[in-house]
Amino acid sequence: MSKKYDIVLMGATSFVGQITYRRLAEYINNHAPELSIAVAGRSLAKLTSVQAEVSKRLNLKLDTPMIVADSMTEADMQGLAQSANVVISTVGPFDQYGERLVKACAENGTHYCDLTGEPNFIADMLAKYETVAQNSGACIVHCCGFDSLPSDLGAYYLQQQSIEKFGEPCLEIDMRVNRMQGTLSGGTMASMINIVKKAKVDKDLRKTLMNPYAIAPSLTKVKQKFLTKVVEDDVTKGWLAPFMMASINTKVVLRSAMQLPSLFPENFMYSEAMHMGEGSKAKKRAKNMARGLGFVAIGSAVAPIRWVLEKFVLPKPGTGPSEQAQVDGYFTIVHYGKTSSGKRIAVEVHGDQDPGYGSTAKMLTQAATVLATEIAADQPGGFWTPAKLLGDKLVPRLSEYAGVTIKTIE
């Protein structure tokens, strides 16, 4: 592909878009000055302001080209896709604002990555545009932020290590969130509320949300474990609480299992939960976590409570933590694997910044860079998971440039 820009960032004026712009500009300046980038958004004034702010933070004089484009206008999205080899999208909720850009990229052979965690959006895009992308050569890669890259790459790396060490992959993988400090973005909460609100009246959407195989239809189906209450862990010691991202992460990992049959056996099982520690205090923390998640989920479906949540409780779209809070954040998740013969292995994924902002922006930047520089010319188009398309190239990049390490710990 030879288009005007190597990478275009759509949604550069959103909160996470601004952080991604900074990380992308920093990486290009320090490591890949040969790559050409542009930023896009609805308002030239806001783009200009963001560029000035990013320039100040990086102590650089940026003159990144700016593209005025509305995600709801098909002609704008077609023009955007036609100008770029790779498009990064941070425009959410994706179910409301994301389709026209995915469509344009699929039609124009433009590679695409985003940070969506909306399974209904992904399933809808697959149904409408998978064949289109296959025909054009476009590689579409959803979920390249905290949803669901650490889960997906962690499971991928674990299976590689299990085969190397034991000569067989793991039949079961249980992911545990061991430590995490960070806050959810206003955009993430808006996406969640949008999904819950729609699911209340849409039976098909409820089926998609509840089906772990919603985006992996050809995989051999077994009853997957999905934690909805506080339980004692049967993999490690301690108490478990539900993990709010388990639903989307599980779907992505199972799609990787479908696309990578050499790494994932038939009847493969995957689960996620938050490990709250041992003892009575940990059990209490787990119950409080479960109650909080339940209240937000139920409240999002009830109009009066939803209004209170949106107005007084939940962060607003376009808002997020301070830069210091992002730097102070972190996450550590562990994938525990067990082979069919009973052998065990564990892989840790650690991020050195707030998962939803700092780490997500760095992971998204590296995913886009792989798409722009390391995808073979004869790579078939289609909708690929991060593990399937980017795995071997992205894992070392995350360690070197994104502060995200993936390693075997036992």
List the atom of [X], the atom of [Y], and the distance in Å for their closest heavy-atom pair.
X: Ser262; Y: Ile163; result: O-CD1, 3.8 Å
X: Pro212; Y: Thr250; result: CB-CG2, 4.2 Å
X: Ala138; Y: Ala106; result: CB-CA, 3.9 Å
X: Val16; Y: Gly356; result: CG2-O, 4.2 Å
X: Ile248; Y: Ser148; result: CG1-OG, 3.7 Å
X: Tyr97; Y: Gly92; result: CD1-O, 3.5 Å

What I want to find out is whether [X] reaches [Y] closely enough, with some N-O distance under 4.0 Å, to be called a salt bridge.
X: Glu26; Y: Arg23; result: yes
X: Asp233; Y: Lys237; result: no
X: Lys362; Y: Asp352; result: yes
X: Glu74; Y: Lys103; result: yes
X: Glu374; Y: Arg397; result: yes
X: Glu53; Y: Arg22; result: no

For a 4.5 angstrom cut-off between non-hydrogen side-chain atoms, does [X] reach [Y]?
X: Arg176; Y: Ser271; answer: yes
X: Thr116; Y: Asp147; answer: no
X: Leu389; Y: Leu371; answer: yes
X: His275; Y: Thr236; answer: yes
X: Phe146; Y: Ser359; answer: no
X: Tyr27; Y: Gln366; answer: yes
X: Ser55; Y: Leu60; answer: no
X: Cys170; Y: Ile345; answer: yes

Determine whether more than 12 heavy atoms belonging to other residues, nucleotides or ligands lie under 6.0 Å from atom [atom1] of [X].
X: Lys407; atom1: NZ; value: no
X: Phe166; atom1: CZ; value: yes
X: Lys225; atom1: NZ; value: yes
X: Arg344; atom1: CZ; value: no
X: Gln379; atom1: CD; value: yes
X: Met258; atom1: CE; value: yes
X: Met72; atom1: CE; value: yes

Any chance the side chains of [X] and [Y] put a donor and an acceptor closer than 3.5 Å?
X: Ser89; Y: Asp114; result: no
X: Tyr401; Y: Thr369; result: no
X: Lys251; Y: Ser247; result: yes
X: Asn178; Y: Thr332; result: no

Decide yes or no on side-chain hydrogen bond (donor to acceptor under 3.5 Å, both in side chains) for Asn288 and Arg285, but give the supporting numbers first.
CA-CA 5 Å; Asn288 289 338; Arg285 287 196 300 269; over 6 Å; no
Pairwise distance [atom1]([X]) to [atom2]([Y]) - rounded to 0.5 angstrom:
X: Tyr357; Y: Asp354; atom1: OH; atom2: CG; result: 7.0 Å
X: Ile28; Y: Ser36; atom1: CD1; atom2: OG; result: 8.5 Å
X: Asn29; Y: Leu62; atom1: CG; atom2: CG; result: 7.5 Å
X: Ile140; Y: Phe383; atom1: CD1; atom2: CZ; result: 5.0 Å
X: Leu240; Y: Met274; atom1: CG; atom2: CE; result: 10.5 Å
X: Ser71; Y: Met77; atom1: OG; atom2: CE; result: 6.0 Å

Take Thr208 and Asn120 through the test side-chain hydrogen bond (donor to acceptor under 3.5 Å, both in side chains) and record every step on the way to the result.
CA-CA 6 Å; Thr208 297; Asn120 53 316; over 6 Å; no
Give the table of side-chain donor-acceptor pairs shorter than 3.5 Å for residues 333-340, with sequence neighbours excluded, one pair per line with atom names and distance.
| from | atom 1 | to | atom 2 | distance (Å) |
| --- | --- | --- | --- | --- |
| His335 | NE2 | Ser151 | O | 3.1 |
| Thr339 | OG1 | Glu168 | OE2 | 3.1 |
| Thr339 | OG1 | Ser341 | N | 3.4 |
| Thr339 | OG1 | Ser341 | OG | 3.1 |
| Thr339 | OG1 | Gly342 | N | 3.3 |
| Thr339 | OG1 | Lys343 | N | 3.0 |
| Ser340 | OG | Glu168 | OE1 | 3.3 |

Does anything in residues 119-140 pair up under ring pair (Phe, Tyr, Trp, His ring centres under 6.0 Å), and if so which pairs, sequence neighbours excluded?
Phe94-Phe121, Phe121-His142
Are Thr385 and Cys143 close enough, and set up right, to give a side-chain contact (heavy atoms from CB on, under 4.5 Å), and what steps lead you there?
CA-CA 8 Å; Thr385 63; Cys143 303; over 6 Å; no
Backbone N/O of Ala325 and side chain of Ser322: donor-acceptor pair under 3.5 Å:
yes
Checking Asp392 against Gln160 for the side-chain hydrogen bond (donor to acceptor under 3.5 Å, both in side chains) test, could you report, in this order, the C-alpha distance in whole Å, the side-chain angles of both residues, the deciding distance, and whether it holds?
CA-CA 10 Å; Asp392 288 338; Gln160 288 182 317; 3.0 Å; yes
Given the rule in the side-chain contact (heavy atoms from CB on, under 4.5 Å) test, do Thr365 and Thr20 qualify, once you have shown the distances and angles that lead to the verdict?
CA-CA 7 Å; Thr365 291; Thr20 304; 4.1 Å; yes
Check Val8, Asn108, Val86 against Lys3 for a side chain to side chain contact (heavy atoms under 4.5 Å, CB included) and give me the one that passes.
Asn108
Give me the one residue out of Val349, Val253, Leu390 that meets side chain to side chain contact (heavy atoms under 4.5 Å, CB included) with Asp152.
Val253
Show, in sequence, the C-alpha distance, side-chain angles and deciding distance for Gln159 and Phe268, and conclude whether the side-chain contact (heavy atoms from CB on, under 4.5 Å) test is met.
CA-CA 11 Å; Gln159 294 291 49; Phe268 171 70; 3.9 Å; yes
Could you go through the side-chain hydrogen bond (donor to acceptor under 3.5 Å, both in side chains) check for Glu272 and Tyr270 one step at a time?
CA-CA 7 Å; Glu272 294 193 345; Tyr270 182 80; 2.5 Å; yes
Assess the residue pair Asp124 and Glu99 against the criterion (side-chain contact (heavy atoms from CB on, under 4.5 Å)); give the C-alpha distance rounded to whole Å, side-chain angles, the decisive distance to 0.1 Å, and a yes or no.
CA-CA 9 Å; Asp124 193 30; Glu99 178 174 352; 4.3 Å; yes
